[in-house]
Peer 1: 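Let me give you the structure first, and then I'll get to my questions.
Along the sequence shown, residues carry numbers from 1. In what follows, every heavy atom counts, from backbone to side chain, and hydrogens, waters and symmetry copies are set aside.
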Amino acid sequence: MEKKDLHDFFFTENDDLDLLEDHIASQTIDLRALSLENLNEQESPELREYDKTPLGKLLNSLPMPAMLLATTGIILFANEGCSRISSDKDKLKGETFSRLFSGSNRSEKALDLFQRVLSERQSQVGHTHLGLDTHKIFGRIHFRSVRAWNERLILFVIEDLTAEKKQILLAQKHHELARQARDELELRVQQRTAELMETNKKLRREIAHRKRVEIQLRSSENKYRAIFETAPVAIIEEDLSGVKADLQALQAEGVRDLRQYIGNHPELVVKAACTSRIVDVNNATLKLYGASDKTDLIGTLDKMMVPDSLDILKEKMLALAEGYTSLETEMVGRNLHGEQIYLLVRASLPPDMSRTKRAIVTKLDITELKRAQEALARSKREWERTFDAVPDLISIIDREQRIVRVNKALADRLGALPQELVGRRCYETFHLEERGPENCPHLMLMADGLPHLSEVVDERLGGTFVVSTTPLLDDDGNLAGSVHVARDITERKRLEEELKILATRDSLTGLLNRRHFMESLGFFFENAKRYALPLSLCLCDLDSFKQINDVYGHQAGDKVLEAFGEVLRHELRSSDVAARYGGDEFVVIFPHTNSSEARECLERIRVHLESTVFRNEAESYKVTCTAGVGEFRAHMHNAEELVQEADKALYKGKALGRNCVVMFRPE
């Protein structure tokens, strides 16, 4: 087929690849090779069944969806391949074929091709997405005019090109991702270059500033010494030349990322504690550490350090390695009496280009402040952890129905942060209403001052809750609001409902289980006996079911049982009652129905099952059933007699060769 003949009305670069499921591509078929002209279809259009005609059989043999359309666009016949585009191909009959195309644009263009076939009498081809419910494919559609049964019809055939379409979209997406990655890399390089240039400028400014400071320090040494000794804060002069030498040696060895290297080698920090030396301290430092003379402190740092102090030393090393000239942080140390102290530390570090290798460190004792802060923070953390760890939905609401606080569980349920809910009206936030409901537990508590407990279903919070409200008093003992606690019992309610279903339903097929079925049969039997109403009962057995389990496995057998349950639900009336009697045996009650009418329904069920194709990997197979029908008779004393009649009819059907429906005939 030439490209110029294709009316490609759907093939864009923005197709959503995730919407395309994996499909096996159909083989391309030249519709001109189908011999339709020699078919002699003379049946009456009112009586014929398309799938039994030669044309229907031919179309059913196609490995792709195919339909016959009336000139009005109505689907007259859909072959087995239409299961690719609809969960129930039989429901396509009588529908307008344009329903298969989602979106008005696709439908209009499909109708345009259809009208061309009618007007020009020439085959038309196009590409599009089509299908119902979850059965969506991308395919090439063919319209061809045919004549059968003395009337003009349109043959509509679909080639599944989903796999090919998916490959094209994947290639496009991969190309786009590669382009984006390349652009992002170029942008990052540009940004990093700009950052490095800016850092270089800052470094140069800092070096220049430090040079000016050194000149000023040399010119005011005496003034500095006076300030140093009389300052009210502890000032320590540290010699970091050993540390700087070690860092420079690492750089000379080719270590580029000193931060990562020092993080991976903590022994370097311990070594720095030994190589760093205290050169001088002021009087405030002696007082801080409880020393009587400077010689008590001058020397290595170990006299002032505890294990946690290594962190500040590590920060000094990193600051030196990265060229920083100042550092401010908090640290833990100890005095000469072994007492732990908390310090606010500010360090002026020697620049890389500076002649001096010493750092000026000031320390302020914040031990009492730190202890008070830690006690307060610890108390707050413990309360907040407890408040947020509770899985119940907790809120504190004031007298004006404004939210004072909520816990994490409630905020998560509302899809917001806790702080975003503070200050809002509770009824606007929880119930999306302009005022609180009449049965609001908070309003009832504010009215009588008493705790309240109730069970509510809240659509906003999405579940069923047991809600308790407790009075909240202010410092003067007055009612200030309430503590609102909602416990989610949705799962418990769901389990209760599931237990009810499990008590009455078969877990595999969803039909009634045997115990509940026998209760229902007893009711219908007594009703028929009391009011002389017709009642029929059917026992149905899947033929050769054991062989399916043996050949294809028990999972395949379970799928057959599930499918037969669906067939029963589809074919039976709402008043009929079906159940799984046990194993592969099913039973159906037909209220107000004689055995002949029941037999007609069972024939539909038998044919429906027989036409169903089951697939197991590369193999496909079919399953049949045998049914026996019993009818209520006035002389019967209990429902068991009716079951026995149906059972006898069932065994007679098996003796006749299976795959049939047999009515019980009294001898």
Peer 1: Measure the shortest side-chain to side-chain distance between Phe590 and Leu602 over non-hydrogen atoms and say whether it is less than 4.5 angstrom.
Peer 2: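 With C-beta onward as the side chain, the pair touches.
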
Peer 1: Report yes or no: do Glu186 and Gln190 form a side-chain donor-acceptor pair below 3.5 Å?
Peer 2: no

Peer 1: Take Met636 and Leu642 through the test side-chain contact (heavy atoms from CB on, under 4.5 Å) and record every step on the way to the result.
Peer 2: CA-CA 8 Å; Met636 291 181 175; Leu642 183 57; 4.1 Å; yes

Peer 1: Using the rule ring-ring contact (aromatic ring centres under 6.0 Å, His included), only one of Phe614, Phe545, Tyr621 pairs with Tyr552; which is it?
Peer 2: Tyr621

Peer 1: Tell me whether Asp112 is salt-bridged to Lys109, with the criterion being a basic N under 4.0 Å from an acidic carboxylate O.
Peer 2: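 Salt bridge flag = no for Lys109 with Asp112.
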
Peer 1: So, are Arg569 and Glu566 salt-bridged, with charged N and O less than 4.0 Å apart?
Peer 2: yes

Peer 1: Distance alone, cut at 3.5 Å: any donor-acceptor contact between the side chains of Glu610 and Asn659?
Peer 2: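 Yes, side-chain donor-acceptor contact under 3.5 Å.
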
Peer 1: Kindly give the heavy-atom pair with the smallest separation between Gly81 and Pro65, and that separation in Å.
Peer 2: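 Closest pair (atom of Gly81, atom of Pro65, distance): O-CG, 3.2 Å.
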
Peer 1: Got a salt bridge between Arg615 and Glu619, using NZ or NE/NH1/NH2 to carboxylate O under 4.0 Å?
Peer 2: no

Peer 1: Less than 4.0 angstrom from a charged side-chain N to a carboxylate O is my criterion; do Lys173 and Glu176 meet it?
Peer 2: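 Judged by the 4.0 Å cut-off on N to carboxylate O distance, Lys173 and Glu176 do not form a salt bridge.
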
Peer 1: Report yes or no: do Ser595 and Arg599 form a side-chain donor-acceptor pair below 3.5 Å?
Peer 2: no

Peer 1: Between Lys648 and Glu645 (salt bridge meaning N to carboxylate O under 4.0 Å), is one present in this structure?
Peer 2: no

Peer 1: Okay, side chain of Ser544, backbone of Gln547: is any donor-acceptor separation there less than 3.5 Å?
Peer 2: no

Peer 1: Considering only NZ, NE, NH1 and NH2 on the basic side and carboxylate oxygens on the acidic side, decide whether Asp160 and Arg140 come within less than 4.0 Å.
Peer 2: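 Salt bridge flag = no for Arg140 with Asp160.
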
